[in-house]
Structures are given as structure tokens and as C-alpha cells.
Asker: 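One structure, pasted below without further comment.
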Amino acid sequence: MALTTYLEAIRQGIWEEMERDERVFVLGEDVGVYGGAFKVTKGMLDHFGPERVVDTPISESAIVGAAIGASYLGMRPVAEMQFIDFISCCFDQITNFAAKSRYRWGAGVPIVIRGPSGGNTHGGPFHSQNVESYFYNTPGLKIVQPSTAYDAKGLIKAAIRDEDPVLYLEHKYLYRRIKEELPSEDFVVPIGEAAVRREGSDLGIITYGAMVYNALDAADILAKDGVETEVLDVRSLQPLDENAILETAMKTNKVIVLHEACLTGGAGGELAARIAEKAFDFLDGPIIRVAAKDTPVPFSPPLEEYFLPQVDDVVDAARKLLAY
Amino acid sequence: MSTAKPSTSKEYRIEAPDGLDLGKHQFVELYHYIALNRRLEERLSILYRQNKIVGGLYSSLGQEATSVGSAYALADGDFLAPMIRNLGSYLVRGVSAKDFVAQYLARECSPTRGKDGTQHFGDLSKGLIACISMLGALVPVMAGVAMAMKHRGQKNVALTYCGDGATSTTDFHEGLNFAAVHRVPFILVAEHNQYAYATPVSMQFTIENIADKAPAYGVHGEIVDGNNVLAVYDATRRARQMCIEGKGPVLLEAKTFRRKGHAEHDPADYVPKKLRAQWEAKDPLDAYSRFLLDQGVATRSEMDDVDAKITRELELAVQEVLDSPFPDKSIADRDVYFSARTDGGSHA
């Protein structure tokens with residue numbers, strides 16, 4: 001059976017949902033004729049037609065605004081940000097219109113906003129960001145980030161079927177680097193469920209997105225010293241699988257929280273706080289955050305490499321923690 | 001109850017546009033909505049001075065004809081998103097005065113159960129979409145409603161409002177342009193009421209008419225006397241027809257004036273007295289009352305009957321709301337998500 005890339009898995013997931021439910025449609029910049037800047041929507045225009053694959057002006061606020069409006073009429077829009085960095089241009093529509101609608105007046109907004117996020121591709125300050133923290137403090141939104149092809153497909157399908165607005169943050173570094181065999185039958189990955197990627201009892205690394213692979217690489221290195229590392233992929237930041245996080249913390253007693261977004265104000269602070277509040281008695285050392293530097297994402301490869309959390313950074317943090 | 005005085009030649013007079021398709025019942029119904037809009041806001045103003053209102057109170061005094069006339073031109077299945085000065089649009093869509101009183105008094109029986117106030121509510125079953133405070137935000141949203149109508153082959157339109165101030169926003173531009181590119185059945189009524197809070201329109205843009213922006217978007221633009229309910233009705237009806245024929249969107253500019261401050265706390269002393277007086281003389285309720293009398297469409301006593309009914313309805317509504325409880329705090333963390341779990345999780 002053929003291997004499916006992370007990118008193709010997203011495309012398949014959207015495609016199958018469009019086949020399954022005629023209310024589902026995609027809109028965004030260059031999603032139609034061009035098939036999307038990264039080809040996530042390739043072939044959709046020919047198959048589904050221009051009313052379900054909508055090319056738009058360069059208007060992120062209108063893309064999300066129109067998605068919200070269409071959802072009020074029962075549609076299930078999937079709005080693409082050409083790069084997730086551009087989501088800043090529709091911050092108001094997402095945080096004030098979509099996120100608060102159900103709470104304020106009972107009108108749910110079942111939309112998906114998806115796009116390529118993350119660095120390690122030398123995209124510079126405006127094509128490399130991780131934006132989850134901008135939205136993490138806004139109740140009403142769900143936020144997911146898959147790390148595997150299986151999750152990429154299962155989570156996009158779950159996001160499209162969800163009754164609430166979902167930010168689906170795909171990692172562009174993984175687009176064509178990650179592939180696996182996928183089941184031929186329909187499946188979803190429920191939003192709000194973490195996945196243990198490697199079991200261990202000496203150390204826990206709680207992470208998501210592309211950093212799952214850094215964590216696994218670090219675990220391999222640590223294993224040579226006999227350290228058994230557990231790697232937990234949270235997959236969903238909101239809702240958070242708190243039970244799984246606490247289980248890893250209570251089992252390993254030593255926790256690293258790892259993410260690619262900048263350190264200060266990042267989601268890692270929230271994860272660490274939950275563990276500190278609810279599993280303090282089980283901890284044998286401080287919860288250590290490993291994250292990107294607190295700078296804009298630099299462009300030149302050596303600068304970006306310095307900026308991003310590397311496997312060695314994780315190993316170093318682990319050794320410090322293991323000394324407790 | 002009405003302040004209409006005998007006509008004199010110098011008075012602002014409104015006329016019925018040619019080919020107006022309204023019968024007696026509808027003429028009187030329009031009077032009912034404008035008068036109810038006016039009296040309800042007057043009643044709310046009293047509640048404000050009695051310290052009963054929670055938060056701010058916003059008035060559409062002088063702009064009632066724009067709200068009522070535009071909403072009245074819509075049909076079943078059309079969607080409407082009123083802004084803060086479009087109380088009358090809600091009334092036309094069947095929202096009760098009590099709902100407004102309850103919203104402003106932050107009661108549990110309000111449409112938002114106290115989770116939001118003022119005119120910040122909607123009802124999808126009535127084709128009403130709630131605004132947010134950020135101006136212009138409804139323009140792309142209603143463009144999306146219109147796009148969904150078009151793609152589903154519905155013969156309906158989406159309509160929303162913006163003030164002269166909101167034309168300066170990103171969303172005004174993005175939304176109108178998006179609607180134009182996709183040729184969706186969307187009507188944007190720009191209420192040129194001359195002040196955005198304390199900022200006069202001369203500080204908002206440098207052209208005379210908002211409708212002059214229409215050609216730049218490749219859409220039909222039209223200027224209408226926003227204080228003439230019949231003109232607004234007729235222009236909206238024609239705009240609606242254009243949209244149904246695939247010739248939308250339409251940018252309709254209603255020339256009018258905000259006679260009160262931005263909100264009740266604001267005395268608006270930045271407005272020149274002469275300018276205010278000019279527009280007081282063009283009061284839409286007085287003008288429409290005179291029209292009905294002069295044309296023999298309705299008698300004074302028929303209008304008095306409507307007014308009396310409104311007074312009774314309002315007193316009942318106010319009393320009911322005053323007697324009703326504030327929301328219990330137990331609902332404060334409900335309905336953030338579809339799921340019963342407050343964080344949106346799928347299992348308990």
C-alpha cells in the first residue's frame with residue numbers, strides 16, 4: 001500500500017469531507033485554479049466546481065468573515081490562510097466574531113481555519129510563525145496541530161465535523177517529510193485527545209507539532225544512557241487532554257514541555273502551570289520549558305537554527321532535569 | 001402623542017417615490033415601526049436616567065426611517081444584520097420591545113440571557129445576525145451569507161449597515177470588494193449620519209458621498225434621503241431586485257443625521273447648533289406623519305390609536321422586565337462551546 005504524506009493526508013481529509021457533506025466548501029487565496037500555494041487543494045476546483053472551491057481576493061478578514069456568514073446559513077467552510085502568519089489580518093473576525101458568537105447569542109460558527117505554520121524552512125519573520133498563543137487566550141476557539149499523517153487526516157475531518165470554530169495548524173516542515181500508510185476506511189481523530197508517541201518512566205516530554213520528532217530523537221539519544229523517555233503529543237491545545245498530561249507527569253515525575261513557538265507567553269506556560277497545580281506532589285524537579293527564542297523568526301539558516309529548539313537543547317534540558 | 005404640526009410650505013416634506021407598491025395597511029405599519037422605534041428609545045432613555053440601564057444606551061434618533069424602510073423592503077428568507085443604531089430593523093423583523101428592554105437591563109429573559117447587552121443579539125430563525133462592537137466587521141460576514149445564498153440558488157439577499165465612520169475600516173473594503181468580485185446578493189446600507197462618535201465626517205474621508213465609492217468597487221451605488229422612510233424602502237426594494245437578478249451587490253447611501261451623542265452619556269456638544277437644528281427640522285417621524293395626513297392615507301385618530309397601543313405595549317414590557325431576575329451565575333460558563341464541557345471537550 002502506498003505511503004501518504006502529511007500534506008496529502010490533509011487534502012484527502014478535506015476531499016472526503018466534501019464528498020460526504022455538500023455543505024463543506026473551501027475558500028482562500030489561490031485555492032482554486034492554482035490548487036493552493038502548497039497544493040493542499042489541488043484538483044478540487046475541477047472536481048467540485050467554483051462554488052465549493054472559492055478563490056478569493058487577498059482579504060484574510062473577508063475570507064474568515066465570509067466563512068462565518070456562510071456558516072450561519074448552515075454551510076461548513078474551510079478557510080485557508082496561505083501562510084498561517086497572515087492570520088493576524090483576520091484576528092478580529094476570529095477572536096471577536098467567530099469565537100464569541102455561540103456564547104453571546106447562541107449561533108454556533110462551525111468553521112475551520114487552516115494553514116501552514118512553523119519554521120525550519122527559512123521563510124523568515126512572516127512565513128514561519130507559530131500563532132497558537134495569539135489565540136490560546138480566547139475562549140470559544142479550538143486549536144489543534146497534527147504531527148503525523150494519520151492525525152493530519154483524522155483531525156481535519158474532526159475539525160470539519162466540529163460545531164465550533166477550529167484553528168487547524170498544519171506544520172509545513174512536515175508536509176512532505178512525514179508519510180505513512182493510512183487506513184482506507186473513514187476515520188477521525190477526536191479533538192482533545194493526546195497520544196503517547198513513546199512510552200517511558202524516567203522522563204516525560206510533552207509537546208506537539210514538528211517538535212514531536214525532536215522529542216523522539218532526543219529520547220533515542222537518552223535511551224543510550226538507559227533513560228526511558230515518554231513522549232506525549234498533545235495534538236490539541238484547546239481542549240487540552242489534561243488527564244493524559246497529568247498521567248505522563250505522575251508517571252515520569254520529571255517533565256519537559258517542548259514547543260516550537262516562542263518561549264514567553266507560549267502554550268508551554270499553560271501546560272506547566274496545569275502540571276504544577278495538579279501534579280505537584282509527583283514532581284521530582286522543576287518543569288522545564290524548551291521553546292524557540294523570544295525573537296522574531298530569523299531568516300538566515302544559522303540564525304533560524306539558533307532560534308528553533310534543537311534536539312541537543314532537549315537533551316541538555318533532560319540531563320539537567322535528570323540530575324534532580 | 002405625535003409631534004406633527006400643521007404643514008407649512010417651508011417644512012421638510014417627503015414624497016412617495018414613483019411606482020411605490022404599498023397599500024394602506026403597509027403605510028400604517030411603517031408608521032407603527034417608526035413610532036415604536038422612537039418611543040421605545042425614549043422609554044429606554046428614561047430608564048437610563050433612572051439608573052436602571054446596565055452600561056451604555058445608544059440612540060437612533062433621527063435615523064429611524066433608514067432602519068425601518070430598509071428592513072421593510074426585505075422578504076422572507078432574507079438575512080439582516082442590524083448595527084447599534086438599527087433598533088427599527090429588529091422591530092420590522094418581529095423582535096419585541098421587551099427584548100430590547102431586557103437586553104439593556106441585562107436580564108435573564110433577554111435574548112442573550114445577559115451574556116451581551118444593547119443591540120448585540122440575533123435570531124437566525126428571524127434572519128437576524130448579531131453585530132459585534134468592531135465596526136465594519138459585519139460587512140464580510142454578510143457578504144458570506146450572501147455568497148451562501150447564491151451558491152445554494154436561493155432567491156434571497158443579505159443586508160447590513162455601516163456608518164460613515166465604518167467606511168474607514170479594513171472590513172468595509174475587504175467585505176464590499178469580496179462581495180463585488182463574487183457578485184453576491186448583498187446590500188450595504190451606509191448611514192451617512194455625519195458623526196462617528198465625536199469625529200465629523202470630514203475627518204473620515206475626503207469625498208462628499210459614500211456612494212461615490214461604489215464605482216471603485218464596480219457595484220451599483222445610490223444615494224437616498226435617509227429620513228424619508230418611503231424613499232429608503234423603495235431604494236432598498238430596487239436594490240433587492242437587482243441583487244436577485246444577479247446585479248448585486250449594491251451600496252446604498254442614506255443621508256441622515258445622528259441627533260443624539262454617540263451614546264446617552266455624550267451630550268454631543270461638538271455638534272454645531274445650527275447643523276443640529278437643520279436636521280431636527282427633518283425629523284423622520286414628523287415628516288412621515290405629515291405625509292400620511294396630507295395624502296389622506298391615515299387620519300390623526302388612526303395614528304393616535306397606534307401611539308396608544310405602543311404606549312401600552314411599552315409599559316407592559318418595561319414592567320415585565322423590571323420584575324424579572326438577573327441571570328444566575330451558573331450560566332456564566334455555559335455555551336462557550338457546543339459541548340456541555342466548558343472547555344469544549346468531547347467527553348465528560
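Convention: sequence-line order gives letters A, B, ...; per-chain numbering from 1.
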Asker: Quick check on the interface: out of B/Met142, B/His120, B/Arg152, who has the most heavy-atom pairs with chain A under 4.5 Å?
Answerer: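 Ranked by heavy-atom pairs under 4.5 Å with chain A, first place is B/Arg152.
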
Asker: Please report the shortest heavy-atom distance between B/Phe121 and A/Trp105, naming the atom on each side.
Answerer: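 In this case the closest contact between B/Phe121 and A/Trp105 is CA-CB, 4.4 Å.
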
Asker: So, does A/Tyr72 use its side chain to make a donor-acceptor pair with the main chain of B/Gly127 at under 3.5 Å?
Answerer: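 Between the backbone of B/Gly127 and the side chain of A/Tyr72 there is no qualifying donor-acceptor contact (under 3.5 Å).
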
Asker: If you measure from CE on B/Met147 to CE on A/Met75, what distance do you get to the nearest 0.5 Å?
Answerer: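 Taking CE in B/Met147 and CE in A/Met75, the distance rounds to 7.5 Å.
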
Asker: For each of A/Glu60, A/Gln238, A/Arg23, A/Glu22, tally heavy-atom pairs with chain B at distances under 4.5 Å, and name the one with the top tally.
Answerer: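 Between A/Glu60, A/Gln238, A/Arg23, A/Glu22, the count favours A/Gln238.
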
Asker: Of the backbone (N, CA, C, O) and the side chain (C-beta and beyond), which part of B/Leu128 lies under 4.5 Å from a heavy atom of chain A, both, or neither?
Answerer: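 The answer is the backbone of B/Leu128.
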
Asker: Heavy-atom cut-off 4.5 Å, strictly under: side chain, backbone, both or neither for B/His173 against chain A?
Answerer: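 It is neither, since no heavy atom gets under 4.5 Å.
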
Asker: Nearest 0.5 Å, what's the CE-CZ distance between B/Met134 and A/Phe91?
Answerer: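 Interatomic distance, B/Met134 CE to A/Phe91 CZ, rounded to 0.5 Å: 10.0 Å.
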
Asker: Determine the minimum heavy-atom distance between B/Asp343 and A/Pro239, stating which atoms define it.
Answerer: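 In terms of heavy atoms, the two residues are closest at O-CB, 3.3 Å.
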
Asker: Against chain A, label B/Val181 side chain, backbone, both or neither, depending on which of its atoms sit under 4.5 Å from a heavy atom there.
Answerer: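 B/Val181 touches chain A through side-chain heavy atoms alone.
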
Asker: Taking A/Arg104 as the fixed residue, which of B/Asp335, B/Thr112, B/Asp116 is the one that meets the side-chain hydrogen bond (donor to acceptor under 3.5 Å, both in side chains) rule?
Answerer: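 The single option meeting the side-chain hydrogen bond (donor to acceptor under 3.5 Å, both in side chains) with A/Arg104 is B/Asp116.
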
Asker: Between A/Ala107 and B/Leu124, which heavy-atom pair has the shortest distance, and what is it?
Answerer: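 For A/Ala107 and B/Leu124, the tightest heavy-atom pair comes out as CB-CD1, 4.0 Å.
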
Asker: In terms of heavy-atom proximity below 4.5 Å to chain B, should A/Leu73 be classed as side chain, backbone, both, or neither?
Answerer: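 Both parts, backbone and side chain.
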
Asker: Where do B/Glu174 and A/Ile63 land on the side chain to side chain contact (heavy atoms under 4.5 Å, CB included) test, with the steps shown first?
Answerer: CA-CA 9 Å; B/Glu174 287 197 13; A/Ile63 290 167; over 6 Å; no

Asker: Is A/Asp164 close to chain B through its backbone or its side chain, or both, or neither, when contacts mean heavy atoms under 4.5 Å?
Answerer: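 Just the side chain, heavy atoms under 4.5 Å.
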
Asker: Just verifying a value: how many Å separate A/Lys100 NZ and B/Lys115 NZ, rounded to the nearest 0.5 Å?
Answerer: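 Separation between the atoms: 13.5 Å.
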
Asker: Looking only at heavy atoms and a cut-off of under 4.5 Å, which of B/Ala148, B/Ala130, B/Ala137 has the most pairs with chain A?
Answerer: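 Of the candidates given, the most pairs with chain A belong to B/Ala130.
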
Asker: I'd like to know which of A/Asp92, A/Ile68, A/Asp162 tops the heavy-atom pair count under 4.5 Å against chain B.
Answerer: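 If we count pairs closer than 4.5 Å to chain B, A/Asp92 comes out on top.
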
Asker: Do you know which two heavy atoms are closest between A/Ala62 and B/Gly175, and how far apart they sit?
Answerer: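 That closest heavy-atom pairing would be CB-N, 4.3 Å.
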
Asker: Counting only heavy atoms not in A/Tyr134, do more than 12 fall under 6.0 Å of its OH?
Answerer: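 No.
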
Asker: Distance check, rounded to the nearest 0.5 Å: B/His182 atom NE2 versus A/Leu27 atom CG?
Answerer: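 Atom-to-atom, B/His182:NE2 and A/Leu27:CG are 8.0 Å apart.
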
Asker: Between atom CZ of B/Phe178 and atom CD1 of A/Ile58, what is the distance when rounded to the nearest 0.5 Å?
Answerer: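 If we round to the nearest 0.5 Å, B/Phe178:CZ and A/Ile58:CD1 are 13.5 Å apart.
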
Asker: Any heavy-atom pair between the side chains of B/His151 and A/Val54 that's under 4.5 Å?
Answerer: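 Heavy-atom side-chain distance check passes, below 4.5 Å.
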
Asker: Work out which heavy atom in B/Tyr337 is nearest to a heavy atom in A/Arg102; give both atom names and the distance.
Answerer: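 Looking at all heavy atoms of both residues, the shortest contact is C-CD, 3.4 Å.
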
Asker: Give a yes or no on whether A/Tyr34 atom OH has more than 12 heavy-atom contacts from other residues, nucleotides or ligands under 6.0 Å away.
Answerer: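 Check fails, neighbour count at 12 or below.
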
Asker: With a 4.5 angstrom heavy-atom cut-off, which part of B/Arg113 approaches chain A: side chain, backbone, both or neither?
Answerer: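 Nothing of B/Arg113, per the 4.5 Å heavy-atom cut-off to chain A.
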
Asker: Between B/Pro140 and A/Ser61, what is the shortest heavy-atom contact and its length?
Answerer: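 So the minimum-distance heavy-atom pair works out to CB-O, 4.0 Å.
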
